[in-house]
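See below for the structure under consideration.
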Amino acid sequence: MFQEFGKVLMGIGIVLTIVGVILFFGGKFGIGHLPGDIVFKKGNFTFYFPLMSSIILSVVLTLLLWLFRK
């Protein structure tokens, strides 16, 4: 039981580390400023919704989690 729980915690830690690295270095590679990200500016109000960045991050995480389940 504890071995399975340990594997789950290690998997979560690896995934969180990868996501952290992507978010930390993502600005240098265009993550967060991709075509398809929604930016609405009016006066001193700015609304930003990273739609394409969210889709790419979701696909990458889905593939990683699928690999870990195999």
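Residues take their numbers from the sequence shown, with the count starting at 1.
- Leu67 is not connected to Ile12 by any chain of hydrophobic side-chain contacts under 4.5 Å among Ile, Leu, Val, Met, Phe, Trp and Tyr, and they are in different clusters.
- Interatomic distance, Leu57 CG to Leu61 CG, rounded to the nearest 0.5 Å: 4.5 Å.
- Note on Val59: it does not cluster hydrophobically with Val15, by side-chain heavy-atom contacts below 4.5 Å among ILVMFWY residues.
- Taking hydrophobic clusters as Ile, Leu, Val, Met, Phe, Trp and Tyr residues chained together by side-chain heavy-atom distances below 4.5 Å, Leu65 does not share a cluster with Leu9.
- For the pair Ser58 (side chain) and Ser54 (backbone), a donor-acceptor distance under 3.5 Å is absent.
- The cluster map of Ile, Leu, Val, Met, Phe, Trp and Tyr, joined by side-chain heavy atoms under 4.5 Å apart, puts Met10 and Ile18 in different clusters.
- Of the possible donor and acceptor atoms, none in the side chain of Asp37 sits under 3.5 Å from a partner among the backbone N and O of Phe49.
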Stepwise side-chain contact (heavy atoms from CB on, under 4.5 Å) test for Lys41 and Val39:
CA-CA 7 Å; Lys41 295 180 183 179; Val39 179; 3.9 Å; yes

